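Sequence lines set the chain letters: A, B, ... in the order given, protein chains first and strands last, and positions in each chain run from 1. What you see is a predicted model, and the numbers here were worked out from it, not measured in a lab.
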Amino acid sequence: MSFFTLMIKNPFRNRTRATLAIIGIAIGIATIVALGMVTGGLQSSTQSTLKAGSAEITVTKIGSGNFGSSGGAMDESLVTDLKNTNGVKDTAGILRVNSNVSTSSGGSGFGSMSGFLVNGIDSSKLALVGIDSVNGTIFTNGSSNEIIIGKTIAQNLNKTVGSTIDIYGTEFEVTGIFESGNFIYDIGAFTSLSTLQNLTNNTGKVSYIQVKVNDNANASQVSKTIQDERPNDLSATTAVDQANRINQSLGMIDTASWAISLLAIVIGGVGVINTMIMSVFERTREIGVLKAVGWKDRRILGMILGESIILTLVAAVVGIILGIVAVEIIFKFFTTSQSFEAVLTMDTLLKAFAVALLVGIVGGLYPAYRASRLAPTEALRYE
Amino acid sequence: MTEENVIEIHNLQKTYDKGKIKALNGIDLEIKKGEFISIMGPSGSGKSTLLNMIGALDRAEEGTIKVAGIDLMKTRDLSEFRSQEIGFVFQMHNLIPNLSVLENVEIPMYETRIKSEEMRRRALELLEAVGLKDKADKNPTKLSGGERQRVAIARALVNHPSIILADEPTGALDSKTGDVILNLLKSLHSKKQVTMVMVTHEPYVAKMADRILHVLDGKINNSS
């Protein structure tokens, strides 16, 4: 039997105690994994959102909120005005409204009935919002009942090309399904701008304007120009600004994740110290025998430390599985799961194992040291 | 140290409880290579302390002690000495309960550079010698007291030590089983040509040895 096999056998002598210790550490690891998956999901959604948006600048009316603004806040004439700004290649006015959906097929979660975002846009400007291919056909400008819907909402509402959706009392036919890579667009729909304006009494109004700059122009510079021209009226945000804002939020989640990791290390470490100290106490005579047969102090130290690490690595595996299952359950039953999918990254896995390893070392070091320093004669007399 | 003496002790002193208890009070002793020695004496006389000193499980405060050519007063790390020169047999077998009989016998070999296959071969060979080869894969808790002690003897011999130290090896056994263990020790002593030092309370057990030492108040009272 190898020394490693011996170390694997020892922690599970007292199965109840080992199981409890593993559960204690696994909960901490599961929390780290769950948070990591959420952060990973947000990051991946954010990245695809920013990459997919062909327009670099979003212009909104001051006070109407940023990207998520809805309703007709701005005059459509601004779309043409902005196009004439130096450095601008193209602009697209978008009317965004929140629509309650009546559907007999139902959605996948509680949020499916709370509605989804319907965007009105000139069909020739779809490329500016990252939609360059559609499964089916795109809507015709001015058509009364054609709509294209995002892949995510299509899945959630169980809609295909040819299905119908009721929006503001009008039945729309799904002519195409798109995947823009932008999670906000993919959970919504696009239809003709004029149709949506008429349907929602927003004639001549748009919610925001997407601005594409010339290839040789600097997006930040153009954004500043637009902003400076109408300082009290419009707010221009570049994709980079948005990314920074989202990254700040992600940073906060990340900090929370690290704080929880630290807590898991401390709590798990104390748990492991307790488990291993008990184990060393119970095996005092045995450690005396190991010394009597010639084991060096460092081998005893290595054995106890190894046992502690094995315990926490098993806990890491259990915790990772627990974390994944928990996130899957929460996303399946308690959220709409429309906005994004949780992503398990290699970073999260490595972090989980690193925390487990650290807990194993921190928790095992003191008991291992104590065991290695036991006087053989006293250990052999221990009852 | 003469070539014949495997153990040489002069004026060995050991106290406990900050000097209040004199466990060894000037022991002088020479044991020849291959001898079978019994140490007798009442409880607290110092016989187990003497055995622990010879086995380098504890250190004396004064005097000299040389075992198998090693000066135990001057050598810092004695684990290698214990691993290579000494085999312990305790009153309680002290086997590790979650390991098999074979794995228990392999335990002393971890500090040597022996490969796993060789460890297994050696352990099986000794288990055969103590009549327990067929129980190699059993758990020690499934064995009788006598069988467990035989496993402990196999464990003590596995590194081919020059000295076997047995601390009341039959103390926890009934007389019939005790006799089996004593006969086994005696036969292994002659076959393996090891030096055997055995602490016992029982005069009839002590009589199996070549020489009996009587310890009283931390001194050797007489030798017979």
Side-chain angles (χ1 to χ4, degrees), chain A residues 1-19 275-276 278-308 310-311 314 368-369 371-383, chain B residues 14 16 23 48-49 51-53 55-59 76-112 114-117 119-120 123 136-137 139-140 152 155-159 161 165 167:
Chain A
M1 181 182 59
S2 71
F3 185 55
F4 183 66
T5 314
L6 177 72
M7 283 196 296
I8 289 179
K9 282 188 170 191
N10 280 336
F12 303 100
R13 282 199 217 180
N14 188 328
R15 287 193 184 159
T16 311
R17 194 170 57 209
T19 308
T275 305
M276 296 312 294
M278 288 298 290
S279 172
V280 167
F281 270 142
E282 279 175 10
R283 290 154 64 194
T284 301
R285 275 178 80 95
E286 184 182 309
I287 291 163
V289 172
L290 295 177
K291 290 203 157 194
V293 301
W295 276 35
K296 289 186 191 303
D297 290 356
R298 65 168 178 265
R299 182 171 292 274
I300 291 168
L301 188 122
M303 179 179 74
I304 304 291
L305 200 58
E307 290 175 18
S308 170
I310 285 165
L311 202 67
V314 171
Y369 176 75
S372 72
R373 303 300 297 170
L374 278 173
T377 45
E378 282 172 32
L380 284 164
R381 270 201 298 269
Y382 188 84
E383 294 294 336
Chain B
K14 173 74 182 173
Y16 290 113
S48 289
T49 306
L51 202 72
N52 289 341
M53 295 294 162
L57 289 179
D58 207 348
R59 282 182 192 270
R76 204 161 166 265
D77 182 9
L78 291 165
S79 54
E80 197 176 333
F81 162 79
R82 287 197 293 266
S83 166
Q84 290 177 4
E85 301 295 341
I86 306 291
F88 280 100
V89 180
F90 305 100
Q91 181 176 1
M92 299 302 294
H93 49 82
N94 287 335
L95 298 175
I96 299 174
N98 66 318
L99 301 183
S100 70
V101 162
L102 180 80
E103 289 162 349
N104 265 285
V105 178
E106 287 176 347
I107 281 287
M109 290 187 276
Y110 285 104
E111 282 298 349
T112 60
I114 301 169
K115 286 184 180 168
S116 293
E117 304 84 59
M119 277 168 66
R120 188 181 162 81
D137 295 325
N139 190 284
R155 180 180 64 188
L157 290 165
V158 80
N159 276 350
L165 301 176
D167 194 352

query: Are side-chain N/O atoms of B/S48 and B/D167 paired as donor and acceptor at under 3.5 Å?
result: yes
- line: Turns out that what part of A/A375 lies under 4.5 Å from chain B's heavy atoms comes down to neither
- prompt: More than 12 heavy atoms of other residues, nucleotides or ligands under 6.0 Å from CD of B/Q91: is that the case?
  reply: yes
message: Which atoms of B/I107 are under 4.5 Å from chain A, going by heavy atoms: the side chain, the backbone, both sets, or neither?
response: both
field: Sole candidate of A/V280, A/D297, A/I304 that passes side chain to side chain contact (heavy atoms under 4.5 Å, CB included) when paired with A/S372
entry: A/D297
task: Measure distances from B/N94 to the heavy atoms of chain A and classify the residue's part below 4.5 Å as side chain, backbone, both or neither.
output: both
B/E103 side-chain N/O to B/S100 backbone N/O, donor-acceptor pair under 3.5 Å: yes
Close approach to chain B in residues 282-289 of chain A, criterion heavy atom under 4.5 Å: A/R285, A/E286, A/V289
field: Contact leader toward chain A among B/A123, B/A56, B/P97, B/P108, where contacts are heavy-atom pairs under 4.5 Å
entry: B/P108
- request: May I ask you to list the residues in residues 2-14 of chain A that approach chain B closer than 4.5 angstrom, counting heavy atoms only, ordered by number?
  value: A/S2, A/F3, A/L6, A/K9, A/N10, A/R13
- request: Measure B/F81 against the heavy atoms of chain A and call it side chain, backbone, both or neither at under 4.5 Å.
  value: neither
- prompt: Quick one: does A/K296's side chain have a donor or acceptor within less than 3.5 Å of a partner on B/E111's backbone?
  reply: no
field: Exam field: side chain B/N159 to backbone B/P161, donor-acceptor pair closer than 3.5 Å
entry: no
- prompt: If you count heavy-atom pairs under 4.5 Å between each of B/L95, B/T49, B/N98, B/I86 and chain A, which one has the most?
  reply: B/N98
message: Using only atom types and a distance under 3.5 Å, with no angle test, would you say the side chain of A/K291 pairs donor to acceptor with the backbone of A/L374?
response: yes
query: Given side chains that start at C-beta, do those of B/V158 and B/M109 come closer than 4.5 Å, heavy atoms only?
result: yes
- request: Decide side chain to side chain contact (heavy atoms under 4.5 Å, CB included) for A/S279 and A/R17; before the verdict, give the C-alpha distance in whole Å, the side-chain angles of both, and the deciding distance to 0.1 Å.
  value: CA-CA 9 Å; A/S279 172; A/R17 194 170 57 209; 3.8 Å; yes
query: Does A/R299 use its side chain to pair, donor to acceptor, with the backbone of B/Y110 at less than 3.5 Å?
result: yes
- prompt: With distance as the sole test, does B/N104 use its side chain to make a donor-acceptor pair with the main-chain N or O of B/I96 at under 3.5 Å?
  reply: yes
query: Heavy-atom distance under 4.5 Å between the side chains of B/D58 and A/P376, does that happen here?
result: no
message: As an exercise, state the distance from OG1 of A/T377 to OH of B/Y16, rounded to the nearest 0.5 Å.
response: 5.5 Å
Residue B/E106 versus chain A: region with a heavy atom under 4.5 Å: side chain
task: Check each atom of B/F88 against the heavy atoms of chain A and say whether the ones under 4.5 Å are side chain, backbone, both or neither.
output: side chain
